[in-house]
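Just below is one structure, and these are the notes that go with it.
Letters go in sequence order (proteins before strands), and every chain restarts at 1.
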Amino acid sequence: MITRVFSGIQPTGTLHIGNYFGAVRNWAAMQDDIESIICIVDYHAITIDVDPTTLRQATLSMATDLIACGIDPEKTVLFVQSDVPEHTELGWILGCVTSIGDLSRMTQFKDKSSKQSFISSGLFTYPVLQAADILLYKADGVPVGEDQIQHLELSRRIARRFNSRFGEFFPEPQQVVGEKGARIMSLSDPTAKMSKSAGETHYVGVMEPETSIRKKVRSAVTDMGLESGDAMSPGVANLFEILELSTESTGQTDILENLRANFAVGSLMYSTLKDAVFEQLMEILRPIQEKRAKLESSGDVIDMLRSGAKRARIMAKETIAQVRPLVGLGTDNP
RNA sequence: AGGCCCGUAGCUCAGUUGGAAGAGCGUCCGACUCCAAAUCGGAAGGCCGGGGGUUCGAGCCCUCCCGGGCCUGCCA
């Protein structure tokens, strides 16, 4: 039985619909039923070279996006990682029960480091900090996608090793699978997951202007036309996926069914599909964008983050206060 | 601490003896397409890492600095 879930998200500046349908929407749905902690992980963000001003803005912007998308800072403990410095202390301690061998097997490190000329040691030990993020709150559930499973497994391994060395203390966090494992693909390259780093044409930003979204959806890769009975090409399947996720919320599932039927008999015009995707997507995004505008002009987000950090820190301090004597650190413990 | 290599467009790089800064990919616009892709046509994009010097003239030579990579050594 999962009792507390932890989610982290990097302050990349803005959310795209892959983040929204894949993660954020599930978080928002979950917060009513289960104790939820969401952390904007700025310590993680600095593992690669990033401009300080950009980072600060991106962090605030990400928080605003999340709240606009339905994360309720009253229900969910929403905060910025570096406002709770206990993350780094636990990170250090856990780093000392983590082997270099385990870390060097992380595919994400190999991936990211191959794209950097300057490879920081922080990038290498990133998964340790991630384990600390989760374990600091003794979260037993982590809603992660497939790409993070390896890191989550390492977190469990780290928890296990800590427990066996210092005594049973941390729960081993389990993967929480969302109701719908949405995995939105890039519009320009539908064989790759949607990501911001791949370039402008690859993603649709949740907060993007309507004209820009229409253009991007219309430019999505499809195929050269299929015979009826053929399987969908990746690009078309992706558009249907986005349409399905959107109509789930708008309730206009008949649109989806019609287009599916058209596809089945081979009479679907992709421009029609794209128009529908755009329309339904905007139904979802419009209210989110409006909410964001209000939030931004209110200037309340900073205060929300501060009070979130206060709540998080109470939990974090308690954990650290227990960990230190277990390990034998400090003078203020017997 | 010593030695070697590197820094030019968003990315990967070329650049002749020192003589008008280039290519490929990507991006943007157009044609084609139901929409896209591919293809074709067009365009934008540069403090040549930074300062100083030599020269009529420096991406290129000298010098210092910054940044990155590799090798050796030293200390803990």
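Rounded to whole Å, the P atom of B:C70 lies 26 Å from the corresponding atom of B:U63. Separating the C1' atom of B:C34 from that of B:A14 is a span of 43 Å, rounded to the nearest Å. Comparing B:A58 with B:U16, their P atoms sit 16 Å apart, to the nearest whole Å. The same atom, P, is picked in B:C64 and in B:U27; the two are 43 Å apart, to the nearest Å. Across B:G49 and B:A44, the matching C1' atoms stand 24 Å from one another, rounded to whole Å. B:C5 and B:A76: their C1' atoms are spaced 30 Å apart (whole Å). Taking atom P in both B:G68 and B:G53, the straight-line distance is 28 Å, to the nearest Å. Of the P atoms belonging to B:G59 and B:U8, the separation is 15 Å, rounded to the nearest Å.
One interatomic measurement links the two molecules: CG of A:L268 to C1' of B:C35, which rounds to 10 Å at whole-angstrom precision. Rounding to whole angstrom units, OH of residue A:Y270 and P of B:A37 are separated by 14 Å. Following rounding to the nearest Å, A:F278 (CZ) and B:C34 (P) show an atom-to-atom distance of 23 Å. We find that NZ of A:K115 is positioned 17 Å from P of B:G26, with the value rounded to whole Å. Computed from coordinates, the A:M269 CE to B:C34 P distance equals 9 Å when rounded to whole Å. Regarding A:M224, its CE atom lies at a distance of 8 Å from the C1' atom of B:A38, rounded to whole Å. The distance from atom CG of A:N238 to atom C1' of B:A36 is 13 Å, rounded to the nearest whole Å. Nucleotide B:A44 holds its C1' atom 17 Å from the CD atom of A:E200, rounded to whole Å.
When both pairing distances are held under 3.5 Å, B:A1 makes a Watson-Crick or G-U pair with B:U72. Across all strands shown, B:C34 has no partner, as no Watson-Crick or G-U wobble contact with both distances under 3.5 Å is found. In this structure, B:G41 forms a base pair with B:C29, meeting either the Watson-Crick or the G-U wobble geometry with both donor-acceptor distances under 3.5 Å. Remark: B:G22 base-pairs with B:C13. Criterion, Watson-Crick or G-U wobble with two distances under 3.5 Å. The nucleotide B:G46 finds no pairing partner, because no Watson-Crick or G-U wobble arrangement with both distances shorter than 3.5 Å includes it. Applying the Watson-Crick and G-U wobble criteria (two distances, each under 3.5 Å), B:U54 pairs with nothing in any strand.
When each of A:D223 and A:I119 is assigned the nucleotide of RNA chain B with its nearest heavy atom, A:D223 is the one assigned upstream, toward the 5' end. Residues A:S117 and A:T222 both approach RNA chain B. Their nearest nucleotides, taken by heavy-atom distance, put A:T222 toward the 5′ side.
Among the nucleotides B:A36, B:C34, B:U27, the one closest to any side-chain atom of A:T201 is B:U27. For A:F118, taking side-chain heavy atoms from C-beta onward, the closest of the listed nucleotides B:A37, B:C28, B:G68 is B:G68.
Across all strands, A:T272 comes closer than 4.0 Å to no nucleic acid atom at all (heavy-atom distances). The residue A:D275 sits apart from the nucleic acid: no heavy atom pair falls under 4.0 Å. Within the nucleic acid shown, A:K215 comes within 4.0 Å of sugar-phosphate atoms alone, with no base atom in reach, counting heavy atoms only.
Separating the CD atom in A:Q81 from the CD1 atom in A:I9 is a distance of 12.5 Å, to the nearest 0.5 Å.
Partner of A:F6 under the side chain to side chain contact (heavy atoms under 4.5 Å, CB included) criterion, chosen from A:I134, A:L135, A:V176: A:I134.
Ion pairing between A:D83 and A:R306 fails under the 4.0 Å rule for side-chain N and carboxylate O. With respect to the salt-bridge test (charged N to carboxylate O, under 4.0 angstrom), the residues A:R25 and A:E248 qualify.
Stacking of A:K138 on the aromatic ring of A:F169 is recorded, both the 6.0 Å distance cut-off and the 45° axial limit being met.
Contact of A:S271 with B:C34 (side chain to base): a donor-acceptor pair of N or O atoms is detected under 3.5 Å.
The aromatic ring centroids of A:H87 and A:Y137 lie less than 6.0 Å from each other.
Connection of A:I213 to A:V221 is not established within any shared hydrophobic cluster, with ILVMFWY side chains joined at heavy-atom distances below 4.5 Å, either directly or through further cluster members.
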